[in-house]
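This structure is a prediction, so every number in the text was calculated from the model and none was measured.
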Amino acid sequence: MDRWLLVFSGGTLFAFTHSDIKFWLIVSTIALLLLAIAYTRMGAGPKKAKRRSIARLLMALFCGILWANANLYWQNIRAIPASFLNSDVKLNIEVDEISRSYPYHVRITGRVKTLSDNALPIWKQSRVRLNWYRANLKQAPKAGETWQLVARLKEATDYRNHGSFRYRQYLLRNNIHAIGSIKEGVKLDSDISLRQKVFDWIQQSDLNEPGILAALTIGERSLLSRQTRESWQKTGLAHSLAISGLHLGMVAASAVFFFRLCFRCLPVGLKTRELINSRFWSLVLAAFAVTGYAVLAGFPVSTVRALAMFLVVLLHLTLSLKLRPLSLLLRVTVAVLVVDVFALQDPGFWLSITAVAALFLASWRWQKARGKLSAIKSLWSVQWLLLVVMAPLSFLLFGGFSLLAPLVNLLVLPVISFWLLPLALAGTVAVLLDLSFASTLWQLAELPIVHLNPFIGFLAKQPVTWLQLDAWPVSREARFGGLFALILVLLVPLKNTWQRTVLLLCLPLSVLVLLNQRDGKLRLHVLDVGQSQAIVLERNGRAMLVDTGIEFNSGFSVAESVIEPFLNYHGLVPELAFISHGDIDHNGGRAFLSRRYPNLQWQGEGSNKPCLAGDTGHWNDLQWRVLWPSREYQGSTALSKNNRSCVLRVQFRSFTVLLPGDIEMPAEKMLLERLRSPAEIESDVMLVPHHGSKTSTSWPLLQAVDADIYLISYGRHRGYRFPHRYTLERLARKNRPWLGTMKSGQLTIVSDGSTWSLELPFENR
């Protein structure tokens, strides 16, 4: 059976390597039918056993392909039709998540039941995420209610850069097929869900830590403060704020205990007790209890995954099946893929599987502790093993890992498991039964955490607590290589302590030095930041920034979500930053980056070193020169803010790049007039000014620069629609290629100082 499950998993993996869903649906269906017919005609003789085995494996393979492609096809047919996007449409939605409040808007997620007065069948009801701005919002919708809305829908877009958060993929992973904004709405149904009822009660109760209680009882994390999130992550406790296998296990154990306690108190005779299989029925009750817990949490992705894994384990316990740890791990994994085939795209899936595999490794590799405090010793060993095994994944997902996680988990998890969670769930049950003492139970539940949270916050602030590997100025390959070498040293079964010590000192450091070799080339990265601009020049692990992208009123910042993750991804330390001008789409991330990198030197708009034509400087063997604005226009208002943009020319040996900000044709004309020779502005690569607007990139500028390639930083925008067709027509006359971030994602030019090449890491993705 294990072989069939492995082959089935391989089939699901194969489905994500192609894009022709309908073709493979047809092929896998036909193949399964032919294999089934062939299998029935093979007979039962021992000579044909090998053929039958191969046929079963092939059927398992095509079952995996069919299942994954069927899910992909179902996801596609639930998408909002393109004809309803980018225009106002009337729809009825059933709110299925608790609405989240922000300073300027409320975010609502729900299932579309009616689209433009057309009722949708349940299998085509897609989910949407909408913003309702407070200017026209009278009452925030609640989970369970049905609303009739007039909204403008659109497809979500990703910022496609190294290290960037893939927002569109995240939405699809949560079955959300469109986003948008609400113009007006009317409530049709006032019935709220059980989750909303518990959430409202938590908000109304006088609690010190409502966010932690909401996260543990109904899986709602919106009440968690940013400080709590960061401190619990840095101390290795973030996993306890999501409803996972640990919480389901505690609920199951409580259900078993409750059943056996009631069974002992039943007034029945001995014969009746012998007829009833108390072990079987207690496990059945545990299965219902954990399923109810998942229902109350709203079936988020992480809980569905944990529930599938836990029910498989409960099934094996109920049927008294004994398996090797690896076989059980395989069955658990396949169960998750059957329930949620897209779990492979979820980092939490790999965290869960790695954690379970580490626990199995502990039971196989290490002998059980004996003597006094044996349970604590075993838990201590397991915590350190989890730290070592999961450190690479933690680094990949969060940029580092907590060195104090074993100690903090050993101290805090028992409090959560045996005090906070039982009392919190008891309070939740009291709310569902409309009992008035629910708030009292919650207040009792949070007592230890109220006293522990300051201690957790104190530990989180200590430098030794969180090892921020992505902030190290070393290459990504070197960081991963050194980390895996360290794990290898700790897991290799060496008998002599001195051998392990020598390896511990030599192997990780050697791998780190060996892989941290920079090639000395200049890399110009034009980041995909939508309708804004952010550029990173990289050489030998050091970085220079030109513009910092946009920051929105909602608090979303390109600097925080794109620039910093990009720098961390490549192990870069920014040393110098230019701001071309003060528009929010170029200067929005300056405040964040100033806090994040206090030693970063600023030049240009808003700094004590404003751009002035003729200014020159050197950085990391690069020469930069400011070509515009001239002194008479630098501080005046005779020209617009765009026309006073800093025009920067960067040279690395014989390779040159022109970065002209948002200058328009008046400034372009004056810039060209004040040049002493065309060589001052000639460049190999040119960033098209003002995102390709029709008022920029004049023909005289294109002739003077005479670049080999033109790059445009732009995104989707209803008002601007950049790049303008007039600009593209002028670029076409030059008969040189141009590329834009909206279609290609991150654009990277690599140069050794004499030649250059183009890299498109996200082309067609």
Audit row: Leu425, Val429, side-chain contact (heavy atoms from CB on, under 4.5 Å) steps and yes/no:
CA-CA 6 Å; Leu425 290 177; Val429 173; 5.6 Å; no
What closest approach, in Å, do Ala667 and Asn643 show between heavy atoms, and which atom pair accounts for it?
CB-OD1, 3.2 Å
Separation between CD (Glu551) and OG (Ser557), nearest 0.5 Å, reads 4.5 Å
Give the minimum heavy-atom separation between Leu130 and Ser181, together with the two atoms involved.
CD2-N, 4.4 Å
Would you say Phe722 and Lys694 make side-chain contact, with heavy atoms under 4.5 Å?
no
Among residues at least two apart in sequence or on other chains, which ones pass side chain to side chain contact (heavy atoms under 4.5 Å, CB included) with Ser594?
Arg590, Trp602
Please table the atom pairs, donor to acceptor, closer than 3.5 Å between any side-chain atom in residues 182-190 and protein atoms at least two apart or in another chain.
from: Lys183; atom 1: NZ; to: Asp88; atom 2: OD1; distance (Å): 3.1
from: Lys183; atom 1: NZ; to: Asp88; atom 2: OD2; distance (Å): 3.4
from: Asp189; atom 1: OD1; to: Asp191; atom 2: N; distance (Å): 3.1

Modelled atom types, side-chain donor and acceptor of Ser439 and Trp201, under 3.5 Å
yes
Euclidean distance, Ile563 CD1 relative to Asn568 CG, rounded to 0.5 Å
12.0 Å
Under a 3.5 Å threshold, yes or no: a donor from one side chain and an acceptor from the other, between Asp200 and Gln196?
yes
Non-hydrogen side-chain atoms of Thr748 and Leu524 separated by less than 4.5 Å
no
Sorted by chain and number, sequence neighbours left out, salt bridge (Lys or Arg N to Asp or Glu O under 4.0 Å) with Lys197 holds for Asp434
Donor + acceptor pair across side chains of Asp547, Ser580 (<3.5 Å)
yes
Can you find a pair of side-chain heavy atoms, one from Leu120 and one from Thr114, that are under 4.5 Å apart?
no
Could you tell me which non-hydrogen atom of Ser99 sits nearest to which non-hydrogen atom of Val95, and how far apart they are?
OG-CG1, 4.4 Å
I'd like to know if the side chain of Trp123 pairs up with that of Gln125 as donor and acceptor (distance under 3.5 Å, no hydrogens or angles considered).
no
When you measure from the centre of the six-membered ring of Trp74, is the NZ or CZ of Arg78 under 6.0 Å away and within 45° of the axis?
yes
Please evaluate residues Leu593 and Leu545 with respect to the criterion side-chain contact (heavy atoms from CB on, under 4.5 Å), reporting the C-alpha separation (whole Å), side-chain torsions for both, the decisive distance (0.1 Å), and the verdict.
CA-CA 10 Å; Leu593 292 172; Leu545 310 180; 3.9 Å; yes
Between Arg152 (side chain only) and Asn86 (backbone N and O only), is there a donor and an acceptor less than 3.5 Å apart?
yes
Would you say the side chains of Ser225 and Gln227 form a donor-acceptor pair under 3.5 Å?
no
First locate atom CG of Leu711, then atom CH2 of Trp738, and finally report the distance between them rounded to the nearest 0.5 Å.
10.5 Å
What's the shortest heavy-atom distance between Ser532 and Val558, and which atoms?
OG-CG2, 4.4 Å
Determine whether a donor-acceptor pair (N or O, by modelled atom type, separation under 3.5 Å) exists between the side chain of Thr697 and the backbone of Ser693.
no
Please tell me whether Thr695 and Glu664 have a donor and an acceptor in their side chains that are separated by less than 3.5 angstrom.
yes
Would you confirm whether Thr109, through its side chain, and Glu97, through its main-chain N or O, come within 3.5 Å as a donor-acceptor pair?
no
Is there a donor-acceptor contact under 3.5 Å from the side chain of Thr548 to the main chain of Gly589?
yes
Spacing of CD1 belonging to Ile579 relative to SG belonging to Cys646, to within rounding of 0.5 Å:
10.0 Å
Beyond-backbone contact of Leu149 with Lys90, side-chain heavy atoms, under 4.5 angstrom:
no
With a 4.5 Å heavy-atom cut-off, do Ser607 and Phe578 have their side chains touching?
no
What ring pair (Phe, Tyr, Trp, His ring centres under 6.0 Å) pairs are there with at least one residue in residues 161-191, not counting sequence neighbours?
His162-Tyr569, His162-His570, His162-Phe762, Phe165-Tyr170
Does a donor on one side chain sit under 3.5 Å from an acceptor on the other, for Thr146 and Glu94?
no
Under 3.5 Å: donor-acceptor pair, side chain of Thr727, backbone of Gly692
yes
Whether the Glu209 and Asn453 side chains hold a donor-acceptor pair (N or O, under 3.5 Å, no angle test) is what I'd like checked.
yes
Is the backbone of Asn131 close enough, under 3.5 Å, to the side chain of Arg107 for a donor and an acceptor to pair up by distance?
no
Close side-chain approach of Arg160 and Gln746, heavy atoms under 4.5 Å:
no
I want to check something: taking the side chain as every heavy atom from C-beta on, are Glu668 and Ser696 in contact at a cut-off of under 4.5 Å?
yes
For Val450, does its backbone N or O pair with a side-chain atom of Asn208 as donor and acceptor, under 3.5 Å?
no
Testing Leu420, Ile416, Leu421 for side-chain contact (heavy atoms from CB on, under 4.5 Å) with Ser240, which one passes?
Ile416
Has Arg129 got a side-chain atom pairing as donor or acceptor with Ile179's backbone, closer than 3.5 angstrom?
no
Would you tell me whether Asn642 and Ser645 have side-chain atoms, one donor and one acceptor, within less than 3.5 Å of each other?
no
Excluding sequence neighbours, so at least two apart, what forms side chain to side chain contact (heavy atoms under 4.5 Å, CB included) with Gln233?
Ala238, Phe398, Trp466
Donor-acceptor under 3.5 Å (Arg221 side chain, Leu241 main chain)
yes
If you take all heavy atoms of Tyr293 and Thr217, which pair is closest and at what distance?
CE1-O, 3.4 Å
Show, in sequence, the C-alpha distance, side-chain angles and deciding distance for Asp96 and Arg111, and conclude whether the salt bridge (charged side-chain N to carboxylate O under 4.0 Å, His left out) test is met.
CA-CA 7 Å; Asp96 60 6; Arg111 185 164 45 90; 5.1 Å; no
Could you pull out the closest heavy-atom pair between Leu223 and Ala214, with the gap in Å?
CD1-CB, 4.2 Å
What is the distance from atom CD of Glu446 to atom CG of Leu213, rounded to the nearest 0.5 Å?
5.5 Å
With sequence neighbours excluded, residues passing ring-ring contact (aromatic ring centres under 6.0 Å, His included) with His581
His586
Minimum side-chain heavy-atom gap Leu739-Leu760 below 4.5 Å:
yes
Say whether, by atom type as modelled, one donor and one acceptor occur between the side chain of His247 and the main chain of Ala242 under 3.5 angstrom.
yes
A quick test of your reading: do over 12 heavy atoms of other residues, nucleotides or ligands sit less than 6.0 Å from CZ of Phe299?
yes
Working to the nearest 0.5 Å, report the span between OG of Ser713 and CG of Asp528.
7.5 Å
Kindly indicate, with the supporting measurements, whether the criterion side-chain contact (heavy atoms from CB on, under 4.5 Å) is fulfilled by Glu155 and Leu85.
CA-CA 7 Å; Glu155 277 189 320; Leu85 299 178; 3.8 Å; yes
Starting from the C-alpha separation in whole Å, work towards a yes-or-no answer on side-chain contact (heavy atoms from CB on, under 4.5 Å) for His691 and Asp585.
CA-CA 11 Å; His691 318 285; Asp585 60 329; 3.2 Å; yes
Do His525 and Asn161 have side-chain atoms, one donor and one acceptor, less than 3.5 Å apart?
no
